Protein chains: 2
Amino acid sequence: MISVVLLGAGNVASHLFKAFFASEKIEVKQWYNRSLKTIDKYKAQVLVTDNLSTLVKADIYILAVSDDAIETLSKQLPFENRLVVHTSGSTSLYAVDMKQKRGVFYPLQTFSKAADLDFKNVPICIEALNKKDLPILKQLAEAIGSISHKVNSDQRQALHLAAVFVNNFTNQLYRMAHEITEMNGAEFDILKPLIKETAHKIESLSPYLAQTGPALRNDKKTIKRHLKQLENEQHKAVYELLTKSIKKTHGIR
Amino acid sequence: MISVVLLGAGNVASHLFKAFFASEKIEVKQWYNRSLKTIDKYKAQVLVTDNLSTLVKADIYILAVSDDAIETLSKQLPFENRLVVHTSGSTSLYAVDMKQKRGVFYPLQTFSKAADLDFKNVPICIEALNKKDLPILKQLAEAIGSISHKVNSDQRQALHLAAVFVNNFTNQLYRMAHEITEMNGAEFDILKPLIKETAHKIESLSPYLAQTGPALRNDKKTIKRHLKQLENEQHKAVYELLTKSIKKTHGIR
């Protein structure tokens, strides 16, 4: 049984709480938030508090708070030499106060408040200043069904940056496609199987090998027609830049 | 039973042949290609030919050839007033010779030679100059398990353009993520569950509502750090342009 104290009440914290609470291998000893309002409804399931001085003893303290709050909050912890991890993709391991045993427990996934998330589909990047602290972080990930990956800070920060490309930027391309179809009275929904297949394809092919389309074929006629079709200047700029990028990747002049 | 003659031997033609051949409701009467080499291996299953003057009678003639070849090939057909459709997303319905009953049968999906494709996941956009020809195109789509969508040329061309965004451009973002992770010794594979979830999320949420991340939060500190992390100028340009685009979509200055 791994005992944890959870700190914070945002998306990541809430999803972690649900997963921890559901696991037979984890005991959530306490849930802290600076305001009780958000977590008060869980008080039948877990000890809740807004007072750091009341924090109980646990194997792991999880700071699931905003990047900017990690350093300050970790400094205020009224104990030392315990395993304290943050859940941020981009924040340094050293943001956790040096009084503690420092680590990172970064779930690499997109969290929305509404949708339930199966942690089987959430890889967790773990990091610890002291190697001896890695096994318990690995066990914590496994206890909620996740696969853990031991990374260093550079790797974690590269993954966080790459995640912006495959998640936020990809989603913005979906948005543009939505705008393009709507402007022409076509249904965005017709594109959904293609969206799924595009994501599915790279399970077995590298993105390099999976590429197709007018830029790769250097089909100037289609590219020209597409650019003419696009009325929105921003859509046009994205079309031009990504076409150029595909050509460069594949050595097409 | 719908009888078809298939013309062309590229990716789309090959996938269509397999699906048509497997359907009990379709008879592939003949397969034409200008060179027999590619289709010769199918001669035990279907009549193959490289001679247009030998084309047999069928309900539908399907020109699954490159965009540029549609017009020329359709002019060479040695009959008139039969239903002739092309499979292109961007080519005009009028590229089919006016001697024929003209239509479009455009499967909106990414086709690779290697991977088998279930036509259940391939929406087919159908179009016909004469309304009376629509039902048989719809039946043809249904006979291979596809859902058909009646569109006009503007809608079809908008879908084709939007498909470049959600397929080719999205795939190029995956490629960039691959480069970013590799440059830092991180595993691209760790991103795959996120890639899947990003595609999955818009099943129930619009791309507008599904957006998250530093651009949406206007998190200047993270954006600045990400830009500093990016060494490749093209990655940087894409990061800047798509961040700007997300901000514009969501009214963030």
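The structure displayed is predicted, hence computed values, not measured ones. Protein chains get the first letters and strands the later ones, always in sequence-line order, with residue 1 at the start of each.
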Any side-chain heavy-atom pair from B:Lys192 and B:Lys196 closer than 4.5 angstrom?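 No - every pair of side-chain heavy atoms lies 4.5 Å or more apart.
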Sort [X] into side chain, backbone, both or neither according to what part of it lies under 4.5 angstrom from a heavy atom of chain A.
X        : result
B:Ser204 : neither
B:Gln109 : both
B:Lys244 : both
B:His226 : both
B:Gln157 : both

Please state whether the side chain, the backbone, both or neither of [X] comes within less than 4.5 Å of a heavy atom of chain B.
X        : answer
A:Arg225 : side chain
A:Ala215 : neither
A:Val164 : side chain
A:Gln172 : both

Below 6.0 angstrom between ring centroids: does that apply to B:Phe188 and B:Tyr174?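 Centroid distance B:Phe188-B:Tyr174: not below 6.0 Å, so no.
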Kindly state whether the ring of A:Tyr208 and the ring of A:His250 have centres lying under 6.0 angstrom apart.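 Yes, ring centres under 6.0 Å apart.
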Under a 3.5 Å threshold, yes or no: a donor from one side chain and an acceptor from the other, between A:Thr110 and B:Lys201?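 Yes - a donor-acceptor pair under 3.5 Å links their side chains.
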Between B:Ser153 and B:Glu127, do the side chains contain an N or O donor and an N or O acceptor separated by less than 3.5 Å?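 Side chains of B:Ser153 and B:Glu127: pair found under 3.5 Å.
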Do the rings of A:Phe165 and B:His235 sit parallel, tilted or perpendicular, given the 30° and 60° boundaries?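 Judged by the thresholds at 30° and 60°, the geometry between A:Phe165 and B:His235 is perpendicular.
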Top of [options] for chain B proximity - count of heavy-atom pairs under 4.5 angstrom:
options                                : value
A:Met176, A:His200, A:Glu203, A:His178 : A:Glu203
A:Asn168, A:Thr222, A:Leu205, A:Thr198 : A:Asn168
A:Asn121, A:Asp154, A:Thr249           : A:Thr249
A:Asn171, A:Ile195, A:Asp67            : A:Asn171
A:Asp68, A:Thr181, A:Asp189, A:Asn167  : A:Asn167

If you look at every heavy atom in B:Leu93 and B:Arg156, which pair is closest and at what distance?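 For B:Leu93 and B:Arg156, the tightest heavy-atom pair comes out as N-NH2, 3.7 Å.
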